[in-house]
Each structure stands twice: as C-alpha cells, then as structure tokens.
Undergrad: 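What follows is a structure written as structure tokens; I'll ask about it next.
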Amino acid sequence: MAVKLNEVPAVEHLSGGNLACAGCPETLAFRHVLKALGDNTIVINATGCLAVVMQMAVPKVPHFHVLLENAPAVISGIDGALETLGRREGVNLLVVAGDGGTADIGFSSLSSAVERGQDFIYVCFDNECYMNTGGQRSGTTPHGARTSTTPVGRVTKGEDRAPALRKDMVEILAAHRIPYVASTSVAYPLDLMERVQKAAQVRGPSYIHCHSPCPTGWGMKAEETITAARLAVETGSVVMYEIENGVRRVTRKVPRRKPVDAYLAMQSRFKHVTKDPEALAAMQTQVDLGYEELMARMSP
Amino acid sequence: MSTRFWNGNMAAARAAQRARVQLVAAYPITPQTHTVEYLSQFVADGELDASMIKVESEHSALSACCGGSAVGARSFTASCSQGLQLMSEVMYFASGMRFPIVMAIANRTLSAPVNIWPDHQDTLVNRDSGWLQLYATNVQEIYDLTLLAFRVAEHVDISLPALVAYDGFILSHANEPVQEITQEQADALLPPPGVTERPILDPAAPVQFGEVLFPEWYPDYEYKKHMAVKDALAVIEEAFDEFAEATGRRYAPLEADGCEGAEVVLLGMGSMMQTARMAVDDLRAQGRRVGLLTMRSFRPFPEEALKAAMAGVDTLIVLDRDIGYGTAGMVYPDVTRTLYHADDRPRALNCVIGLGGKDITPQTILRCVEIAGEDHGDQTVFWPDARGPAEGIPWTGEVAPAGAGR
C-alpha cells in the first residue's frame with residue numbers, strides 16, 4: 001500500500017500563507033499528514049512552532065492548539081467523549097507536537113495515553129531542540145550539538161552529556177507494546193503519508209516520529225533542509241523503520257551508509273565538532289554503534 | 001424521594017451521576033479519592049454511561065475534561081490540594097476556553113509541611129482562575145450544589161467551569177442523611193447532556209480552538225469572561241429558585257440570618273458555618289444580637305447581598321479558613337472592598353482559623369466574637385487558634401493559664 005506520487009490527493013487541508021521560517025519543513029510535513037488522513041480528522045496541536053505557524057496556515061479540519069504538555073490527555077478526553085456521544089466512528093484523532101512537547105514536558109501525558117490504549121495517532125516532528133523559543137536543548141538534542149543552553153564555550157562544547165544518552169522516543173513507544181510505531185523523515189513525504197495511513201488503520205494508539213531538520217536552529221541555508229534530512233537517513237543517523245504489532249522492518253534501506261562528515265558539516269551547530277578530527281571520529285563511532293544496535297533488533 | 005446516608009464524596013459522585021455526566025477523568029488524592037472510586041464503580045456497574053479516563057495526573061485529568069468539553073460532552077472531575085495545584089495551569093486554560101466543566105473539591109491544605117486536613121487554601125489560591133466557586137456547608141449541599149453547578153456552568157450566557165468545594169474529612173468522609181433527587185427532577189433542572197450551542201470540534205463544521213489573541217482584542221475577551229463570572233450570580237439565583245420549587249430546599253449565594261442591627265455578624269464558608277450556627281445560638285440565648293452570613297458562592301461574589309446584610313451592623317467578623325500570607329485571609333479583602341463604598345459600613349475584622357484542619361469548635365467561634373469586644377488597637381487580622389507567645393505569635397487566643405506556654 002505504498003503511496004504513489006500520482007495518488008497524493010490534490011485537496012489541500014491548510015489555507016494559504018505560512019508563518020514558518022524560510023526552509024522549515026514542518027508545514028510541508030503537516031500538509032502531507034493531513035492529505036493522508038483527509039477531512040474526517042480532529043487535530044490537537046501541542047504548543048510549539050507548528051502551533052504558531054497554524055495561526056496563518058489555518059487547517060480546514062477542526063484544530064485545537066492546547067498547552068505544551070497536555071495534548072495526549074486532551075485527545076484522550078475527545079476519544080472517550082466521542083465514544084459516549086456515539087460520534088467516534090470514522091474520525092481520525094491526530095496529535096502533532098514537537099520533540100520538547102513529546103520527549104520532555106509531555107512525556108508522562110503521552111506515555112499514559114498510549115498505555116491506556118486510547119485510539120489516536122501521534123506525530124512528533126523532531127528538530128532536536130526547542131526551536132519555538134529560540135533553540136534550547138531538548139531530550140532529543142544529539143551529543144555535541146550547540147544550542148542556546150548548550151553553548152560552545154571555553155569549558156564545555158555543546159551538548160556534553162554522554163554520547164549514547166538521548167531519549168529514543170521510537171523505542172520508548174515501542175516498549176509500550178502499542179500496535180504501530182514508525183520512524184520517518186520530512187525528506188520522504190510519500191513514506192510519511194504511508195506511515196500515517198497505516199497508523200490510521202490501527203485500532204488503538206500509534207506513534208510516528210518524523211525527523212525534521214530546522215535550518216534556523218541548526219545553522220543551515222534555507223534550501224538545505226531536505227538535503228540535510230536525506231543525509232541524516234543516508235548516514236544512518238536517522239533510521240526509517242516501523243514496528244507493526246511487534247514486527248520490526250526497515251522501511252527505507254540504506255545499502256551503503258555515507259560518512260557523517262557531510263551531514264554534520266552543513267550544520268553550524270556542529271562546527272566545533274567538524275573542525276576537530278577526534279570529535280568527528282567519535283561522532284562517526286556513535287552513529288555506527290547506534291545504527292548497528294538498531295539493525296540487530298530488526299525482525300528476521 | 002428517598003433519604004440516603006452518604007458521605008460527601010458519595011454525594012458528589014451521585015450528583016455527577018444524576019447529571020448524566022458523559023466524561024469523567026480524575027486522579028486519586030486524599031481526601032477526594034472516594035469520588036473517583038465511586039464513579040468508577042457506577043461505570044463498571046453500568047449505572048452511568050460515561051467514559052472514564054484513568055489518567056496519570058491531575059494535570060491530565062482536567063486536560064481530558066477539556067477534550068471532552070471541546071466535543072460537547074458533559075465533563076466532570078474531582079481533586080484538591082496538591083492535585084488542584086498541579087491542575088492550576090489547566091484551570092486557567094479551561095475557563096479561557098469557556099469549557100463548562102464541573103469539579104468537586106474535597107478541600108485540603110497545601111504542603112509543606114505535609115498536612116492532609118482541610119482548609120480553603122487550595123481553592124482560594126485559584127480564586128482568579130475564572131472558575132465559579134461554590135462552597136457547601138454539609139453533605140446535602142454538596143449533592144445539591146454539584147448538580148446545580150452543571151446548570152450554571154453550561155448556561156449559554158455563562159459557559160464557565162465551576163467547582164464545588166467541601167471541607168475534606170469533615171464533609172468528604174462524614175456520613176449524613178441526604179435527600180436524593182430523582183432522575184426526573186434532575187433532568188428537569190439541567191439541560192440535556194451533550195447538547196450545546198457552544199462551538200465544538202466536529203469535522204462536519206471545522207473550527208479553530210486555542211489560537212492567539214493579540215493585545216488589541218485581549219482586554220475585550222477578558223472583560224467578557226469577567227462579566228460572565230458576575231452574571232453567573234443571577235443564573236445561580238434562578239437555579240436556586242427553581243431548585244427550591246422542586247425540592248423545598250432553598251439556598252442563597254449569601255444567606256443572611258439575624259444580621260439586621262446585629263452587634264456582631266460572622267461571615268464564612270464551608271462546614272465551619274454549621275459550627276458557627278451552634279455558637280450563635282448560644283450567644284442569642286444569652287441575649288446577644290449576633291448574625292450569621294453563610295457564603296455559598298464565592299465566585300461570583302455576592303456583593304449586593306453583602307451590602308444589604310450590613311444594615312445597622314456594628315462589627316463584621318470574616319472567618320477565613322485560609323491565609324494570604326503577609327496580608328489577611330483571602331475572603332476578607334473581597335468583603336472589605338465591597339463594603340468600603342457602602343453607606344452602612346461596619347467595622348470589619350478578620351479571624352484566620354482552622355488552618356490545616358485544626359478543629360473549629362463553638363469555642364473557637366465564641367473566641368472570635370470575644371476578640372471583637374476587646375481593645376486591640378487598630379489590629380484587624382487575628383489568629384485566634386494559633387498557639388501564642390511561645391511560638392512568637394501574639395495572643396489572640398483564649399487567655400493562657402498562668403505560667404503555661406500552651
């Protein structure tokens with residue numbers, strides 16, 4: 001049931017206009033998520049860049065910008081209430097949130113909503129930082145990255161927690177044994193749509209983690225967003241895979257992984273890393289380890 | 001109509017059931033916990049057709065109620081104390097979204113130090129959350145006010161969340177006879193559940209909720225919310241009138257008893273007003289002219305009724321089971337603000353009593369009345385049941401036995 005380019009619905013669910021930074025992929029990705037789900041959808045938007053952007057690119061479906069940390073709880077109430085009211089059938093319930101709202105402040109709300117088996121789709125657009133407030137580190141910020149709260153100074157150089165430490169939301173959600181979990185990227189909108197369509201067919205909670213490079217926060221040219229997102233996948237920094245009822249499958253295979261150099265070099269947040277051959281080698285080792293470990297977990 | 005023997009939490013849960021709530025989301029906290037358990041049992045037994053969202057926190061409890069309300073479902077929760085504080089952010093959000101959620105509160109003070117016993121600190125620090133606040137003095141009132149709270153909250157001109165507060169343990173855990181309302185009576189008093197003129201999230205008629213409101217329009221929105229709280233007073237009075245016709249039980253937002261020309265009037269909220277009634281009866285038996293003002297609605301604040309009750313009153317004592325640190329109790333400022341411009345303005349004193357569940361006995365109340373007759377200079381705020389000089393607190397309590405540090 002792969003989505004084909006000529007089958008992408010022409011209908012638009014967002015009005016015109018876009019308040020996002022130049023080169024931001026989030027509106028683009030959200031647009032494709034809505035194309036995958038169609039009109040019969042209610043969107044709960046956790047505070048973040050997308051909630052701000054939606055002040056102008058207004059969705060043509062019911063859309064509710066809630067607080068930063070409570071979107072999964074709000075959608076739980078909607079799920080339950082529509083059931084009691086007899087209006088639940090055929091309605092897609094969608095949460096969209098950033099990595100801060102997902103991995104950090106909204107973590108308990110999300111974990112508990114999926115643990116209860118609420119029927120909704122959760123899409124996290126992960127730009128690895130709090131970009132709506134100007135770029136502070138989050139639980140998904142990679143090791144070494146410079147952010148406004150992990151600056152490069154004389155003593156510490158960027159995010160300096162141990163290299164392996166980072167909230168892996170895909171695996172965390174998978175550990176909840178929910179029916180559908182997927183990792184995808186804004187560079188592959190057809191894959192994103194396919195993941196969303198699969199998630200919509202699931203009865204119960206589903207989680208989609210969508211890697212979304214941020215040119216503003218990462219220090220890239222606006223036209224480089226998609227190149228960066230693609231390189232993230234091609235270097236194995238991001239692995240596109242799904243876990244459907246426990247069966248793990250890579251959804252976009254990378255036969256020959258590229259070295260991370262080019263991916264990191266295009267982001268000024270890693271400038272101090274790419275200048276330092278030792279740090280760069282350590283980053284490559286970390287990506288290799290993470291990749292191999294994840295591949296070893298795939299279903300036969 | 002049958003008489004039940006219920007504790008306060010059961011009364012709140014039964015009222016929610018009579019209101020045919022469609023969504024319940026709550027998290028346990030002493031002394032409110034029974035309410036969640038009872039409602040879970042009603043749902044499990046098929047006595048209540050509601051979705052029960054078993055959330056992981058109070059923040060999520062109220063958030064889930066917001067979700068329910070956003071699609072038009074009658075939504076109910078219960079909490080208190082730390083739980084209410086965790087909810088606090090969502091309380092402002094809920095009133096800003098004009099979601100008519102109803103919440104039962106078994107009042108409990110706030111940590112630290114740890115204390116699970118009642119005072120009104122938890123609800124009063126949320127005074128300006130935009131929620132209507134009703135206070136029950138006994139278990140019957142918990143039942144009646146909770147039911148009526150849905151009617152007031154959902155009124156088309158109001159559309160605000162409402163909480164019904166009752167003292168933890170003293171009312172939440174005490175069994176009292178309760179006159180049950182029949183389902184037919186309840187249905188006649190309330191609008192049908194799940195039917196609303198408010199905009200709701202519906203794919204058939206898409207709306208945008210929770211968007212930015214820029215400074216140009218923000219004051220207008222706030223003014224409307226402010227006026228909705230004020231206007232709720234008339235809606236409450238109308239609800240009380242209709243309720244009295246249906247059940248014979250008559251309430252007022254501010255109930256005055258024997259205030260006209262009184263030397264002392266005691267004003268307060270919650271279960272202590274039952275105790276105050278005993279003390280006042282004693283004083284009247286001694287020929288003292290003492291009045292009683294029971295406040296059932298703190299938000300909206302019954303300004304006119306308060307002014308009207310002050311005719312010929314010499315001293316008004318506001319009993320606050322709460323403290324606005326560094327100033328006075330939290331009911332007192334509203335009372336004095338209201339009376340400042342009144343023609344008939346009594347002397348107004350403030351007694352802070354019963355914090356953290358300290359027993360309020362008739363003696364406590366009598367001591368408050370005594371204080372009004374003593375010369376304390378220009379002091380207006382008193383702590384009659386705090387422990388005195390040994391703790392560095394000036395005596396306003398009963399006279400210490402000679403040589404005792406008490």
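In what follows, chains carry the letters A, B, and so on, assigned in the order in which the sequence lines appear, proteins first and then strands, with residues in each chain numbered from 1.
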Undergrad: Measuring heavy-atom distances to chain B, does S109(A) have an atom under 4.5 Å in its side chain, in its backbone, in both, or in neither?
TA: both

Undergrad: Taking the basic N atoms (NZ, or NE/NH1/NH2) and the acidic carboxylate oxygens, is any pair closer than 4.0 Å for D119(A) and R88(A)?
TA: yes

Undergrad: Is M97(B) in contact with chain A via its backbone, its side chain, both, or neither, using a 4.5 Å heavy-atom distance?
TA: side chain

Undergrad: Is chain B contacted by the side chain of Q118(A), its backbone, both, or neither, given a heavy-atom distance below 4.5 Å?
TA: side chain

Undergrad: Using every non-hydrogen atom in the two residues, find where C124(A) and Y207(A) come nearest and quote the distance to one decimal.
TA: CB-OH, 3.4 Å

Undergrad: For I200(B), is it the side chain, the backbone, both or neither that has a heavy atom under 4.5 Å from a heavy atom of chain A?
TA: side chain

Undergrad: Is it the backbone or the side chain of A70(B) that comes under 4.5 Å from a heavy atom of chain A, or both, or neither?
TA: side chain

Undergrad: Under 4.0 Å between a Lys/Arg side-chain N and an Asp/Glu carboxylate O for E47(B) and R14(B)?
TA: yes

Undergrad: Is the closest basic N to carboxylate O distance between R137(A) and E128(A) below 4.0 Å?
TA: no

Undergrad: Looking at L67(A), I42(A), D39(A), which has the largest count of heavy-atom pairs under 4.5 Å with chain B?
TA: L67(A)

Undergrad: Heavy-atom distances under 4.5 Å only: say whether V66(A) touches chain B with side chain, backbone, both or neither.
TA: both

Undergrad: Would you call K167(A) and D99(A) a salt bridge, taking side-chain N to carboxylate O under 4.0 Å as the test?
TA: no

Undergrad: Could you tell me if the side chain of K225(B) sits less than 4.5 Å from the side chain of S95(B), heavy atoms only?
TA: yes

Undergrad: V71(B) versus chain A, heavy atoms under 4.5 Å apart: side chain, backbone, both or neither?
TA: both

Undergrad: Which bit of P59(A) is near chain B, if near means a heavy-atom gap under 4.5 Å: side chain, backbone, both or neither?
TA: both

Undergrad: Please classify the contact between L85(A) and chain B as side chain, backbone, both or neither, with a heavy-atom cut-off of under 4.5 Å.
TA: side chain

